[in-house]
Amino acid sequence: QGKVRESGGGQVQPGDSLRLSCAAPELTFSMYVMAWFRQAPGREREFVAAVSWKVTESPTYAESVRGRFTISRDNAKKTMFLQMDGLLPEDTAVYSCAAGRMVNVRTGPQDYEHWGQGTQVTVSS
């Protein structure tokens, strides 16, 4: 129904990996900054990672996930990915895909106009 749709969430143990996908077939995909946000119970939505429409610009990561998560995009397939390695219990949250048109990458939810419904990631033993 929406312009973007996430998939790939699940329940895993600490140290495991997951790969999230975000498909945006209706968008002029290559023109959008694509980002992941997450929201844990009792917390506000927080920025996770973003990949620019600029092919020469490196991805942007929240400090909490840098070195563990890898964001990427396939413009031909209009799909974005989030490879999550070394998952921790504190990574448990609903992960949402977002798309926004902007010159430079921004990390505020208000900067993104298209949102997915979210996919649950639960990390527990």
Side-chain angles (χ1 to χ4, degrees):
Q1 294 179 348
K3 298 293 185 180
V4 299
R5 180 178 298 177
E6 314 94 333
S7 62
Q11 182 174 338
V12 298
Q13 296 182 341
D16 284 354
S17 297
L18 281 174
R19 189 179 77 155
L20 306 183
S21 298
C22 173
E26 298 181 6
L27 298 180
T28 306
F29 189 82
S30 62
M31 296 178 63
Y32 282 84
V33 171
M34 301 297 297
W36 291 97
F37 291 80
R38 67 185 182 186
Q39 187 168 24
R43 292 191 171 189
E44 295 184 357
R45 181 177 293 161
E46 66 172 341
F47 173 82
V48 176
V51 56
S52 177
W53 57 269
K54 301 176 182 179
V55 296
T56 59
E57 186 172 306
S58 299
T60 301
Y61 296 97
E63 183 178 358
S64 58
V65 306
R66 187 175 294 110
R68 298 188 298 119
F69 291 8
T70 303
I71 189 172
S72 61
R73 65 192 296 164
D74 186 334
N75 286 346
K77 297 181 179 179
K78 295 187 175 182
T79 305
M80 174 182 63
F81 306 96
L82 184 68
Q83 178 67 41
M84 303 185 294
D85 298 320
L87 284 163
L88 303 170
E90 48 263 46
D91 294 318
T92 296
V94 174
Y95 285 71
S96 298
C97 173
R101 291 185 293 175
M102 60 198 79
V103 175
N104 298 306
V105 170
R106 290 182 171 270
T107 61
Q110 69 276 9
D111 299 312
Y112 295 83
E113 57 259 42
H114 302 292
W115 290 85
Q117 295 178 323
T119 185
Q120 178 71 47
V121 172
T122 301
V123 185
S124 65
S125 59

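Hydrogens, waters and symmetry mates are skipped; everything else that's a heavy atom, side chains included, is used.
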Over all heavy atoms of both residues, which pair between [X] and [Y] is shortest? Give the atoms and the distance, please.
X    : Y   : answer
V105 : S52 : CG2-CB, 3.7 Å
S17  : D85 : OG-OD1, 2.8 Å
G118 : V94 : CA-CG1, 3.8 Å
I71  : P59 : CG2-CB, 3.4 Å
V4   : C97 : CG2-O, 3.8 Å
Q120 : A93 : NE2-O, 3.5 Å

Please confirm whether the backbone N or O of [Y] pairs with a side-chain atom of [X], one donor and one acceptor, at under 3.5 Å?
X    : Y    : answer
R45  : P109 : no
K3   : L27  : no
E57  : V51  : no
T92  : V123 : yes
Y112 : W36  : no

Measure the spacing between [atom1] of [X] and [atom2] of [Y] and express it to the nearest 0.5 Å.
X    : Y    : atom1 : atom2 : answer
M80  : L20  : CE    : CG    : 9.0 Å
T70  : M84  : OG1   : CE    : 11.0 Å
R38  : S96  : CZ    : OG    : 12.0 Å
W53  : R73  : CH2   : CZ    : 10.5 Å
C22  : Y95  : SG    : OH    : 15.0 Å
R101 : H114 : CZ    : NE2   : 6.5 Å

Whether over 12 other heavy atoms sit under 6.0 Å from K77 NZ: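 Result for NZ/K77: open.
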Crowding at CD, Q110 (>12 non-hydrogen neighbours, <6.0 Å):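 Result for CD/Q110: enclosed.
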Contact check, side chains of E113 and Y32, non-hydrogen atoms, under 4.5 Å: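 SC-SC contact between E113 and Y32 confirmed.
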Same cluster (ILVMFWY, side-chain, under 4.5 Å), F47 and Y61: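 Hydrophobic grouping puts F47 apart from Y61.
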Candidate pair F69 and L87, rule side chain to side chain contact (heavy atoms under 4.5 Å, CB included), full reasoning: CA-CA 9 Å; F69 291 8; L87 284 163; 3.9 Å; yes
Polar contact flag, side-chain donor to acceptor under 3.5 angstrom, R106-N104: no
